[in-house]
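Here's the structure we're looking at; comments come further down.
What you see is a predicted model, and the numbers here were worked out from it, not measured in a lab.
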Amino acid sequence: MSDEYLYLWFGMISRLTHTVKMKIAMKYGGIRGLWGVPENILKEELTDIQAGAILEHRCENDILEYENRLKERKIKYIYPGHECYPDRLYDIPDPPMLLFAVGDIDVLKCHVPTVAVVGARKASLYGRSVADRIAGDLVRAGVTVVSGMALGIDGVAHRAALREKGQTIAVLGCGINVPYPRENYDIYHDIGVSGGVILSENGLDVQPEAFRFPYRNRIISGLSDGVLVVEARKRSGSLITADQALEQGRDVYAVPGRITDAASEGCNNLIRMGAVCVTSGADILDELGIRTCQETRFNKNLLAPIEKKVYSCVRLESRHVDDICLEAEMTVSETAQVLFELERKKLVKQLVRNYYVRV
């Protein structure tokens, strides 16, 4: 069995979450090892649901039939090692083992700045207007806009990118052939024919279920250099994406709102904790080093690997150097030296002795 078909089979297991699938695969030495585990052992060592999900399509004929169904619908699939698998996803803690794709997968090979734009589903007129303006500014400057094709801010961002003839990537929390929500079917269609790309970890006919969306969000942030949040309540899925972005070493931007507006409470809190306050696309372009400010601002994409590693361990709230060392798996002296360099580049700040925060 080729690696290509092993990855496809692993992606066909849709009844289990990404985390559960990976834990089971690692238990048996990886995806190839899982493929070869005898049926009786799986039934003995796993739950009935887990064993049933893994055994359901563990047949070469099923895989070939599934691949033909994908080809009929012009759906492609990519996996680690594939020429179009995004480089950015190799850097995140739990990269997807398979991505189904509709549209131009060559977009994923482009080494251009990429920004995720996310926010409230029930967005206000203010939020929609701001998201439209900023997303338009970004794509006109050559930035690829990533979002989740949800109602509200997501849809506005995608439509702005399409209107400006820019590149956009939509990451679904349902099956690759399930345009969800229906109100955004036009986005699904237009991205597929305009040079953009639609991605999903979920294969054919997988319906949208709540547990799938947090997993989707890590891909949105993972594909991006930074994540912009436009309108978010105190507890919001957009804030989950922002948290994942920080864990992945990405920048977080937020649009401020009225302090009396519950829809802006999440964004205002992000700014209070150190997220970059954004009032125009130029603010993000400056951070990315794209506009005239690029001579004076440091481009975080130019960090050395060890600097990126330590930088990803620094948060918007202060952290002690010991916690940073533990997460980075480095000695105190090594970490301190890197923190000194990051502080010199004005990317982190030592608030009090041995406590660091992102600038």
Side-chain angles (χ1 to χ4, degrees), residues 84 86-89 91-92 101 103-119 127-150 152-171 187 190-191 194-199 217-231 238 241-242 244-246 248-255 267 270 275-303 308 347:
C84 291
D87 289 341
R88 290 179 178 90
L89 293 183
D91 296 332
I92 69 174
D104 184 5
I105 60 175
D106 285 338
V107 169
L108 303 172
K109 295 192 295 184
C110 297
H111 296 287
V112 299
T114 306
V115 172
V117 180
V118 299
R128 289 174 173 274
S129 174
V130 170
D132 178 81
R133 187 177 71 180
I134 293 178
D137 289 345
L138 293 175
V139 296
R140 282 193 295 273
V143 175
T144 297
V145 168
V146 183
S147 200
M149 216 179 83
I153 299 301
D154 290 26
V156 170
H158 286 307
R159 288 192 175 96
L162 290 166
R163 182 189 68 237
E164 299 296 335
K165 311 297 183 185
Q167 289 185 346
T168 187
I169 302 171
V171 187
I187 298 175
D190 291 348
I191 291 178
S194 71
V197 64
I198 301 160
L199 301 174
N217 292 348
R218 86 187 193 285
I219 299 174
I220 292 176
S221 57
L223 286 168
S224 309
D225 296 310
V227 173
L228 170 66
V229 184
V230 183
E231 284 198 329
S238 300
T241 308
Q244 291 173 329
L246 287 175
Q248 295 166 349
R250 275 50 170 172
D251 291 328
V252 174
Y253 319 114
V255 172
C267 289
L270 283 174
V276 177
C277 181
V278 168
T279 58
S280 70
D283 294 332
I284 297 176
L285 295 174
D286 286 350
E287 288 293 318
L288 294 172
I290 292 176
R291 292 172 67 91
T292 55
C293 293
Q294 64 184 356
E295 290 84 10
T296 57
R297 287 184 181 265
F298 187 81
N299 187 340
K300 300 176 184 68
N301 294 325
L302 299 180
L303 291 176
K308 286 184 178 180
L347 296 177

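Between V115 and L288 the shortest side-chain heavy-atom distance falls below 4.5 Å. Using a 4.5 Å heavy-atom threshold, the side chains of V146 and V171 count as touching. Between I169 and V197 the shortest side-chain heavy-atom distance falls below 4.5 Å. Within the 4.5 Å cutoff, the side chain of E164 has no heavy atoms near those of the L138 side chain. Side-chain contact between V278 and E287 is absent, with no heavy atoms from C-beta onward closer than 4.5 Å. Two residues are said to be in side-chain contact when any heavy atoms from C-beta on lie closer than 4.5 Å; I290 and P113 meet this criterion. The shortest side-chain heavy-atom distance between V117 and I134 does not fall under the 4.5 Å cut-off. Looking only at side-chain heavy atoms (C-beta outward), L223 and L199 come within less than 4.5 Å of each other.
Q248 contributes no side-chain N or O that, together with a main-chain N or O of I92, makes up a donor-acceptor pair within less than 3.5 Å. Side chain of T114 to backbone of V112: a donor-acceptor contact under 3.5 angstrom is found.
Minimum heavy-atom separation, G148 to H158: N-NE2, 3.9 Å. A275 and A254 get closest at one heavy-atom pair: CB-CB, 4.5 Å. Here the closest non-hydrogen pair linking D283 and C277 is OD2-O, 4.0 Å. Nearest heavy atoms, V145 versus A135: CG2-O, 4.2 Å. Residues A161 and V139 come closest through the heavy atom pair CB-CG1, 3.7 Å. Of all non-hydrogen atoms in L89 and I219, the two that sit nearest each other are CD2-O, 4.3 Å.
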Legend entry - Evaluation steps, side chain to side chain contact (heavy atoms under 4.5 Å, CB included), between L347 and L303: CA-CA 11 Å; L347 296 177; L303 291 176; 3.8 Å; yes
Inset, instruction - Run the numbers on Q244 and V227 for side chain to side chain contact (heavy atoms under 4.5 Å, CB included), then give the verdict. - result: CA-CA 10 Å; Q244 291 173 329; V227 173; over 6 Å; no
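Here the CD1-OG1 distance, from I198 to T168, works out to 9.5 Å after rounding to the nearest 0.5 Å. The line from SG of C267 to CG of L228 is 8.0 Å long, rounded to the nearest 0.5 Å. Residue D286 holds its CG atom at 7.5 Å from OG of S280, rounded to the nearest 0.5 Å. Separation of atoms CD (Q167) and CD1 (I191) is listed at 11.5 Å; rounding is to 0.5 Å. Once rounded to the nearest 0.5 Å, the distance linking CG of D154 with CD1 of I220 reads 6.0 Å. Atoms SG and CG, from C84 and D106 in turn, are 5.0 Å apart once rounded to the nearest 0.5 Å.
Applying the salt bridge (Lys or Arg N to Asp or Glu O under 4.0 Å) test to D190 and every residue at least two apart in sequence or in another chain returns nothing. Remark: R250 pairs with no residue by the salt bridge (Lys or Arg N to Asp or Glu O under 4.0 Å) rule, at least two apart or across chains. R88 is linked by a salt bridge (Lys or Arg N to Asp or Glu O under 4.0 Å) to D225, counting only residues two or more places apart in sequence or in another chain.
Salt bridge status for K308 with D91: absent, with no side-chain N to carboxylate O gap under 4.0 Å.
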